[in-house]
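Since this is a predicted model, take the numbers as computed values, not measurements.
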Amino acid sequence: MTLEDAHREDVRTVLELAGEISDRQFDRPLAGKTIFLAFFEPSTRTAASFELAAKNAGANVISISAQGSSLEKGESLMDTVVTLDRLGADALVVRHQAAGAAALAQKFTQAAVINAGDGCGQHPTQALLDLYALSGALGGFDELAGRRAAVVGDILHSRVARSVIPGFRAAGMEVSLVAPHTLLPQASGAWGAPVLDSVDEALEWGAEVLYVLRLQRERMAGARIPSVAEYGSRYRVDKRHLRPGVWVMHPGPVNRGVEIDGDVVMGGASLIPDQVAAGIPVRTAVLMLATGVEAGVTA
Ligand code: NCD
């Protein structure tokens, strides 16, 4: 599923289970499960935290990447998925450069397919771990309702934005979009969120969370911004924007000095390290739900 269909209680189920995992309430809950990590696009934190999540929980974990697998020899995603299915996969965690790849993979296997990022599509576990980190900072899941979050930057190319916006909404938060029109998807009106022109405007709007996105230059066809300096003058989060009660989040990888200043990344208002740490319990929870170890929803 994507977070576009998620209800408040679905999100609560995942986050509560992640909290129980953090409290060490389960002993090797994924023992006996075979989990393939199929990352066909670069990843540091997502790949590492899925691997730790699965291994700490006792699963058999096999990592496949495009380089070094038969994909390099021209094998299709479909044939790769069928192969992993016949090898006894209980879950496939898939990252792929094409939007829709995880949904396509699900058609060829009985195993649970978990989307770890599909092109400019979705990145549901990122949004769930963001909600876990934020609810930890605010004092609980119910504290999220009514909070205002500004999603700042390259929304057009961001699968994170496409999961975080409905994810924040599912938790009862209000969302605004802070981006130049050249970095907004044409369909962004469907979110019904106000579009603001700068980080300063977002703070005037009452943002308590500045959720900053990387400028995804590898996905940009043609010039979308006049220059990094001009982009930065409106959309870069720096020390000037920090004030009590405002949290800064970023899914990583961070381009320091482009969309966010280095001193903000490491500062007291930054939840970025908490977001990374949240990846392990949240992804363990998602793997447990997806493989039927714990009944409930899957991401
Ligand atoms: C992001 C991704 O790959 O979608 N990172 C992540 O998974 N934490 C965001 C990005 O690449 O900018």
Side-chain angles (χ1 to χ4, degrees), residues 1-6 30 32-55 59-129 154 156-163 166 185-187 214 216-222 251-253 279 283-284 286-293 297-299:
M1 81 174 219
T2 73
L3 285 174
E4 284 169 322
D5 331 307
L30 294 170
K33 301 288 183 193
T34 298
I35 297 176
F36 286 94
L37 306 178
F39 277 71
F40 304 131
E41 232 196 12
S43 176
T44 302
R45 62 218 89 214
T46 305
S49 72
F50 262 115
E51 186 165 343
L52 279 168
K55 283 188 172 160
N60 295 324
V61 184
I62 297 108
S63 294
I64 312 271
S65 61
Q67 221 183 4
S69 77
S70 293
L71 277 133
E72 252 186 350
K73 301 179 186 166
E75 186 166 55
S76 68
L77 176 65
M78 178 181 80
D79 289 326
T80 305
V81 169
V82 171
T83 300
L84 302 181
D85 177 271
R86 294 309 137 86
L87 287 170
D90 293 294
L92 306 180
V93 179
V94 178
R95 167 167 289 197
H96 197 278
Q97 61 278 10
L104 179 70
Q106 187 65 82
K107 295 192 198 301
F108 299 100
T109 178
Q110 297 292 316
V113 176
I114 295 163
N115 185 357
D118 60 331
C120 294
Q122 297 281 331
H123 196 352
T125 59
Q126 178 68 43
L128 290 167
L129 70 85
D154 185 359
L156 177 65
H157 299 101
S158 176
R159 54 194 174 209
V160 172
R162 287 176 181 76
S163 289
Q186 268 180 356
R214 184 172 65 86
Q216 302 201 13
R217 282 178 280 192
E218 81 279 15
R219 295 193 207 277
M220 283 186 198
R283 289 180 167 131
T284 307
V286 167
L287 288 168
M288 286 171 66
L289 292 164
T291 56
V293 170
V297 291
T298 59

Thr284 side, atom OG1; Lys55 side, atom NZ - distance, nearest 0.5 Å:
13.5 Å
To check you understand the geometry: which heavy-atom pair defines the closest contact between His157 and Cys120, and what is its length?
O-SG, 3.6 Å
Measuring from Leu37:CG to Ser63:OG, what's the distance to the nearest 0.5 Å?
4.0 Å
To the closest 0.5 Å, what do you measure between CG (Leu84) and CG (Asp90)?
12.0 Å
Give me the atom names and distance for the closest heavy-atom approach of Ala54 to Val61.
CB-CG2, 3.5 Å
Could you measure the distance from the CZ atom of Phe50 to the CD1 atom of Ile114? Nearest 0.5 Å is fine.
5.5 Å
Least distance between heavy atoms, Ala91 atom then Ala111 atom:
N-CB, 4.0 Å
Looking at every heavy atom in both Phe40 and His96, which two are closest together, and how far apart are they?
CD1-CD2, 3.4 Å
When you measure from the side chain of Gln126 to the backbone of Val160, do you find a donor-acceptor pair of N or O atoms at a distance under 3.5 Å?
no
Hey, are the side chains of Leu30 and Val293 touching, using non-hydrogen atoms and a 4.5 Å cut-off?
yes
Note, Arg214 side chain near Asp154 side chain (heavy atom, < 4.5 Å):
no
Can you see which heavy atom on Ser163 is nearest to which on Pro124, and at what distance?
OG-N, 3.4 Å
Just wondering, do Leu129 and Arg283 contact through their side chains at under 4.5 Å, heavy atoms?
yes
Atom pair CD/CG of Gln122 and Asn115 - distance to nearest 0.5 Å:
7.5 Å
Any heavy-atom pair between the side chains of Phe39 and Thr46 that's under 4.5 Å?
yes
With the side chain counted from C-beta on, respond yes when Leu287 and Val93 share a heavy-atom pair under 4.5 Å apart, and no when they do not.
yes
With a 4.5 Å cut-off on side-chain heavy atoms, are Val94 and Asp118 touching?
no
Go through the structure and list residues passing salt bridge (charged side-chain N to carboxylate O under 4.0 Å, His left out) with Arg95, not counting sequence neighbours.
none
Close side-chain approach of Phe36 to Ile64, heavy-atom, < 4.5 Å
yes
Given the rule in the side chain to side chain contact (heavy atoms under 4.5 Å, CB included) test, do Leu128 and Leu3 qualify, once you have shown the distances and angles that lead to the verdict?
CA-CA 9 Å; Leu128 290 167; Leu3 285 174; 4.1 Å; yes
At their closest point, which heavy atom of Gly117 faces which heavy atom of His123, and how far apart are they?
N-ND1, 4.0 Å
Euclidean distance, Thr109 OG1 relative to Leu92 CG, rounded to 0.5 Å
5.0 Å
Heavy-atom side-chain proximity of Arg162 to Pro185 below 4.5 angstrom
yes
